[in-house]
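To start, the structure under review is shown below, and the notes come after it.
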Amino acid sequence: MKSIILFFLIFVHRLPIGRIFRRKKMSSRILIVKIDAIGDSIIWLNSAKEYKKHFPNHTLVLCYKKDWEDIALKLRYFDEFIAFDQKRFFKSIAYRFSLLKQLNTYHYEIVINPTFSRNFFLQDWIINNIHADTKIGSIGEYCNTNNTIAKLTHNFEKYNPKLKAIADRWYTRLITTSAEPKMELIRNAEFIREYLNPQFQATIPKFPFPIEKNDKVPFEKYIIFVMGSSTERKSWETENFASVAAKLIDNYNIVVCGNKNESVLYEKLIAYNFGDKHILNLCGKTNLTELISIINDADFIITNDTAASHICVATQTSSICILGGGHFGRFHPYEIEKLTDNEKLFLPKIVYHKMNCFGCGWICKYPLENGKWKCIKNIDSKIVIDKIHEIIEYKNYK
């Protein structure tokens with residue numbers, strides 16, 4: 001039954017539904033489709049500015065994932081914006097048609113998909129249904145397509161090459177990249193070098209807008225815990241955060257950030273006899289702009305592998321990132337081609353438990369341990385505390 005469903009999905013996604021929308025105005029618009037997660041998109045900020053430099057006389061339209069709207073709408077590199085809601089995209093056929101109708105208001109001169117890890121069912125499907133003279137993408141790879149079809153089959157070796165071969169034909173040009181694994185910042189730089197600017201180098205991502213103060217945190221001196229993540233399986237145990245808190249609570253106020261559902265982690269934390277006097281719960285109580293401001297003013301932050309760790313880079317806030325092996329080297333540790341000595345000091349300090357299966361793409365061969373992936377479960381809190389001491393010593397020395 002699952003195979004039948006998969007074949008049906010592939011068949012439907014191959015249909016050029018976009019042809020339904022025939023009323024299209026010819027234009028000099030260029031559409032950039034960047035519908036990745038928040039962290040990926042923050043990394044991309046370094047490359048985003050290059051499009052306006054190269055196409056100063058074009059109207060640049062950004063199709064962005066709604067999760068990072070607070071950032072996207074402030075980017076001065078683009079002239080028009082179209083939001084993409086991934087949850088609705090997968091649940092509502094009506095939303096898909098509405099999105100395509102909005103995207104196809106104009107016939108674009110160029111449409112660009114700069115994402116390295118393309119997805120047959122997301123970016124590639126959209127590209128196939130856009131009216132444009134030229135369609136540019138990365139030769140890339142299909143690990144994100146793995147995640148989509150994993151609910152129906154784990155036979156990736158059979159389906160991925162076939163799906164990618166189909167989708168590759170939907171592009172006018174595919175930008176070549178190096179074969180060896182690269183950090184995402186370097187992948188983005190490769191795309192720009194090959195397509196727009198051969199001299200371009202990856203620099204540290206920065207927010208191209210002022211970060212406003214907010215009054216959410218009543219403390220002058222505080223650190224941040226981000227105890228949740230995109231999945232519980234790669235979230236460090238609350239008891240480990242509690243061990244760290246016990247070492248810090250006499251000298252620091254602690255602010256717990258995350259989404260609304262992660263308030264339960266705050267409750268678990270204060271149950272370790274801390275009370276709530278010096279620990280503030282902001283889970284589900286901040287938007288993205290406010291979170292950026294709170295991170296910007298923090299002494300340092302301890303986080304799982306989340307968007308918060310990339311916000312730290314963009315705000316140059318000291319941080320420690322608890323990192324598993326699924327995408328090790330892809331998003332962390334940071335690799336930057338053009339970096340000042342001062343900027344080096346603010347790159348996240350990475351804590352991990354090395355295993356020979358790193359790079360599995362979160363297709364884990366080991367059973368979960370207390371609901372966690374093995375590489376996450378085995379990270380020792382003592383290593384995190386050592387990294388904290390490094391940060392504190394540097395700040396005291398400075």
Side-chain angles (χ1 to χ4, degrees), residues 30-37 39-55 62-65 77 110-128 130 132 134-149 156-157 159-205 305 310 313 325-339 358-363:
I30 294 175
L31 173 67
I32 296 95
V33 179
K34 188 62 177 175
I35 53 174
D36 292 329
D40 307 49
S41 302
I42 290 173
I43 295 173
W44 180 68
L45 293 179
N46 170 245
S47 298
K49 62 182 184 296
E50 294 300 305
Y51 295 97
K52 198 63 177 178
K53 292 179 182 178
H54 195 80
F55 301 109
L62 176 65
C63 179
Y64 64 92
K65 193 174 182 181
Y77 318 133
I110 306 170
V111 59
I112 302 168
N113 172 20
T115 298
F116 178 77
S117 290
R118 290 159 36 202
N119 189 321
F120 180 86
F121 302 98
L122 285 173
Q123 299 101 336
D124 286 351
W125 181 83
I126 290 174
I127 294 297
N128 186 37
I130 294 293
T134 302
K135 299 183 178 184
I136 306 294
S138 171
I139 192 68
E141 48 82 56
Y142 249 34
C143 72
N144 283 339
T145 302
N146 289 354
N147 297 333
T148 300
I149 66 176
F156 307 126
E157 292 182 359
Y159 290 105
N160 262 7
K162 294 179 180 179
L163 293 179
K164 190 172 184 301
I166 293 168
D168 283 354
R169 294 195 292 270
W170 295 339
Y171 291 85
T172 308
R173 178 186 173 190
L174 290 171
I175 303 301
T176 57
T177 57
S178 52
E180 65 271 19
K182 294 282 187 180
M183 197 261 168
E184 191 76 355
L185 197 69
I186 307 302
R187 287 291 185 206
N188 294 336
E190 284 184 332
F191 188 93
I192 296 296
R193 280 196 288 267
E194 181 71 18
Y195 180 45
L196 300 179
N197 179 5
Q199 278 72 51
F200 180 78
Q201 286 189 300
T203 58
I204 195 166
D305 179 15
H310 301 293
V313 176
H327 288 145
F328 193 89
R330 176 73 185 276
F331 303 99
H332 285 294
Y334 263 73
E335 181 183 350
I336 300 177
E337 294 168 328
K338 191 176 180 181
L339 187 68
F358 270 30
C360 67
W362 298 121
I363 308 298

Tell me, do Trp44 and Pro114 make a side-chain contact under 4.5 Å, heavy atoms counted?
->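 Side-chain contact under 4.5 Å: yes.
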Using a 4.5 Å cut-off on heavy atoms from C-beta on, say whether the side chain of Arg169 contacts that of Asn128.
->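 Side-chain contact under 4.5 Å: no.
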How far apart are the closest heavy atoms of [X] and [Y], and which atoms are they?
{"X": "Leu45", "Y": "Tyr77", "answer": "O-CE1, 4.3 Å"}
{"X": "Ser138", "Y": "Arg118", "answer": "O-NH1, 2.9 Å"}
{"X": "Ala202", "Y": "Ile336", "answer": "O-CG2, 3.3 Å"}
{"X": "Ala189", "Y": "Glu337", "answer": "CB-OE1, 3.8 Å"}
{"X": "Tyr195", "Y": "Ile136", "answer": "OH-CG1, 3.7 Å"}

How long is the straight-line distance from [atom2] of [Y] back to [atom1] of [X], given to the nearest 0.5 Å?
{"X": "Gln201", "Y": "Ile192", "atom1": "CD", "atom2": "CD1", "answer": "13.5 Å"}
{"X": "Ile30", "Y": "Leu62", "atom1": "CD1", "atom2": "CG", "answer": "13.0 Å"}
{"X": "Ile112", "Y": "Ile127", "atom1": "CD1", "atom2": "CD1", "answer": "9.0 Å"}
{"X": "Ile130", "Y": "Cys63", "atom1": "CD1", "atom2": "SG", "answer": "7.5 Å"}
{"X": "Thr177", "Y": "Ile175", "atom1": "OG1", "atom2": "CD1", "answer": "10.0 Å"}
{"X": "Glu335", "Y": "Leu185", "atom1": "CD", "atom2": "CG", "answer": "8.5 Å"}

Applying side chain to side chain contact (heavy atoms under 4.5 Å, CB included), run through Ile204 and Tyr334 and close with a yes or a no.
-> CA-CA 9 Å; Ile204 195 166; Tyr334 263 73; 5.8 Å; no
Dump the intermediate steps for side chain to side chain contact (heavy atoms under 4.5 Å, CB included) on Asp124 and Tyr142, then the final yes or no.
-> CA-CA 11 Å; Asp124 286 351; Tyr142 249 34; 2.6 Å; yes
With under 30° as parallel and over 60° as perpendicular, where do the rings of His310 and Phe331 fit, or are they tilted in between?
->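 Ring orientation, 0 to 90° scale: perpendicular.
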Please indicate whether Lys49 has more than 12 foreign heavy atoms, meaning atoms of other residues, nucleotides or ligands, lying under 6.0 Å from its NZ.
->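 Buried by this count: over 12 neighbours within 6.0 Å.
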Kindly write out the residues that satisfy salt bridge (charged side-chain N to carboxylate O under 4.0 Å, His left out) with [X], not counting sequence neighbours, or none if the list is empty.
{"X": "Lys182", "answer": "Glu180"}
{"X": "Lys52", "answer": "Asp79"}
{"X": "Lys34", "answer": "Asp36"}

Under-4.0 Å salt bridge between Lys53 and Glu50 |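 Salt bridge: yes.
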Looking at Glu190 and Arg187, does any basic side-chain N land under 4.0 Å from a carboxylate oxygen?
->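 Yes, Glu190 and Arg187 are salt-bridged.
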Aromatic ring centroids of Trp170 and Phe120 under 6.0 Å?
->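 Centroid distance Trp170-Phe120: below 6.0 Å, so yes.
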How far apart are the C-alpha atoms of Phe191 and Asn113, what are their side-chain angles, what is the distance that settles it, and do they pass the side chain to side chain contact (heavy atoms under 4.5 Å, CB included) test?
-> CA-CA 10 Å; Phe191 188 93; Asn113 172 20; over 6 Å; no
Could you point out which residue of Arg330, His327, His332 forms a side-chain hydrogen bond (donor to acceptor under 3.5 Å, both in side chains) with Glu184?
->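 When side-chain hydrogen bond (donor to acceptor under 3.5 Å, both in side chains) is applied between Glu184 and each of Arg330, His327, His332, only Arg330 qualifies.
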Evaluation steps, side chain to side chain contact (heavy atoms under 4.5 Å, CB included), between Leu122 and Thr115 = CA-CA 11 Å; Leu122 285 173; Thr115 298; over 6 Å; no
